[in-house]
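Structure, as structure tokens:
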Amino acid sequence: MPHAPLITFEGVEGAGKTTLAHHLAEWLRAQGVPVRLTREPGGSALGAHLRPILLREPLDAWAELFLFLADRRQHTLQVILPAREQGVWVLCDRYADSTLVYQGYGRGLDIPLIRRLNAIATDNLAPDLTVLLDLPVEDALARADAPNRFEAETLAFHNRIRAGYLELARTEPNRFLVLDGLQPLEVLKASLEQAVQERFLDAGK
Ligand code: T5A
């Protein structure tokens, strides 16, 4: 039996990831599809402890990287893989691409090394679809409702994040669905529903 899909949501702060992930979960459930909606950091029991540290405490860049990876490893092994094995679709608000862009493009840590560490943390699991919400950083930050220590970073930092995501999307066009995050929510929801319908639901008929 083919595994259930893993769909991840990525973008800068305030891009609309959480809103769209919740919408897709509801839309799929309404069609009888079993869904596990989860997030990083914080999707596992360990992650619940790590999330406030990662979002609030001042951290060295390498310490920050290792904590995100520890969060991902536990989350992948305890939540994501077991759900998929049971045929449950996993929708994850941020995943390994967040580390590549925030700790790699943003903090300037070694990107090939982060790729290798991500491969360990994820057990080589790659998302079947990654929804990237792209929009100017200023517009996205103006929406973010619960500021964390990343939101206090410079505009230059956030622009490196945006550029990093767009570069990843260019190198893996089949995995990424890039949506214009400035579009009204109803338009974004319809685009996402159509993409998921065509890519997974129609393909499985
Ligand atoms: N991080 C994370 C790393 O550095 N490395 C890693 O490996 C990982 C996993 C996590 C932080 O950790 C960093 C990145 C982050 O800084 P978080 O709280 O999980 O922090 O993530 P944020 O991106 O900060 O979450 P936000 O909730 O701020 O952003 P979302 O989820 O993108 O936005 P959302 O959906 O909550 O929407 C924000 C507001 O905008 C409105 C919504 O209604 C909401 O009010 N909105 C729209 N309004 C108009 N038009 C649209 N199209 C809209 N879409 C949403």
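As the structure lists them, so they are numbered: ligands from 1, and atoms in each ligand from 1. All heavy atoms count here, side chains included; hydrogens, waters and symmetry mates do not.
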Identity of the nearest option to atom 33 (O) of ligand 1, non-hydrogen atoms only, from Gly16, Gly47, Ala96: Gly16
Min N/O separation Thr19 to ligand 1 under 3.5 Å: yes
Non-hydrogen side-chain atoms of Leu67 and Ile53 separated by less than 4.5 Å: yes
Polar proximity ligand 1 side, Arg51 side, N/O cut 3.5 Å exclusive: yes
Numbered atoms of ligand 1 (with element) below 4.0 Å of Thr99, judged on heavy atoms: 6 (C), 7 (O)
Numbered atoms and elements of ligand 1 in range of Gln103, under 4.0 angstrom, heavy atoms: 3 (C), 4 (O), 5 (N), 6 (C), 7 (O)
Proximity of Arg72 to ligand 1 by residue part, where a heavy atom lies under 4.0 Å: side chain
Lys189/Glu186 salt bridge by N-O under 4.0 Å criterion: yes
Heteroatom proximity flag, Leu182 to ligand 1, N/O under 3.5 Å: no
Contact atoms of ligand 1, heavy-atom distance to Gly181 under 4.0 Å: 52 (N)
Taking atom 39 (C) of ligand 1 as the reference point, the nearest protein heavy atom with its distance: Arg143 O, 3.6 Å
Those atoms of ligand 1 less than 4.0 Å from some heavy atom in Glu40: 9 (C)
Point-to-point distance, once rounded to the nearest 0.5 Å, from NE2 of His75 to CG of Leu77: 11.0 Å
Heavy atom of His22, distance to ligand 1 below 4.0 Å: no
For atom 45 (O) of ligand 1, closest protein heavy-atom neighbour: Asp145 OD2, 3.6 Å
Where ligand 1 meets Asn148 - atom numbers and elements under 4.0 angstrom, heavy-atom basis: 11 (C), 16 (O), 20 (O), 24 (O)
side-chain hydrogen bond (donor to acceptor under 3.5 Å, both in side chains) evaluation trace for His23 with Glu193: CA-CA 9 Å; His23 171 73; Glu193 288 168 13; 2.7 Å; yes
Heavy-atom nearest option to atom 11 (C) of ligand 1, drawn from Leu54, Leu65, Leu55: Leu55
Which residue and heavy atom of the protein sit nearest atom 25 (O) of ligand 1, plus the separation: Lys17 NZ, 4.2 Å
Top protein contact for atom 26 (P) of ligand 1, by heavy-atom distance: Gly14 N, 3.9 Å
Salt bridge present between Lys17 and Glu10 (N-O < 4.0 angstrom): no
Sub-4.0 Å atoms of ligand 1 with respect to non-hydrogen atoms of Leu188: 52 (N)
Set of side chain to side chain donor-acceptor pair (under 3.5 Å) partners for Tyr95, sequence neighbours left out: Thr76
Shortest protein heavy-atom distance from atom 22 (P) of ligand 1, along with the residue and atom involved: Arg94 NH2, 3.8 Å
Closest to atom 15 (C) of ligand 1 (judged by heavy-atom distance), picking from Glu10, Glu64, Glu13: Glu13
Trp89 versus Ala4, closest heavy-atom pair with distance: N-CB, 3.9 Å
Option of least heavy-atom distance to atom 13 (C) of ligand 1 (set: Phe68, Tyr95, Phe9): Phe68
Short N or O distance, Tyr102 and ligand 1, threshold 3.5 Å exclusive: no
Any Gln31 side-chain heavy atom under 4.5 Å of Leu201 side chain: yes
Phe150 and Phe68 aromatic ring geometry - parallel, tilted or perpendicular at 30°/60° bounds: tilted
Inter-residue atom distance His158.NE2 - Tyr102.OH, 0.5 Å rounding: 7.0 Å
Heavy-atom nearest neighbour in the protein, as seen from atom 31 (O) of ligand 1, with distance rounded to 0.1 Å: Thr18 OG1, 2.5 Å
Side-chain heavy-atom pair Leu91, Val35 within 4.5 angstrom cut-off: yes
Atom indices of ligand 1, in the order listed, that fall short of 4.0 Å to a heavy atom of Gln183: 51 (C), 52 (N)
Sub-4.5 Å side-chain heavy-atom contact between Arg39 and Arg51: yes
Gly11 to ligand 1, any heavy atom closer than 4.0 Å: no
Approximate separation, where rounding is to 0.5 Å, of Phe66 CZ and Asp60 CG: 8.5 Å
Sequence neighbours excluded, every pair satisfying salt bridge (charged side-chain N to carboxylate O under 4.0 Å, His left out) that has a member inside residues 95-119: Glu64-Arg107, Asp97-Arg175, Arg107-Glu153
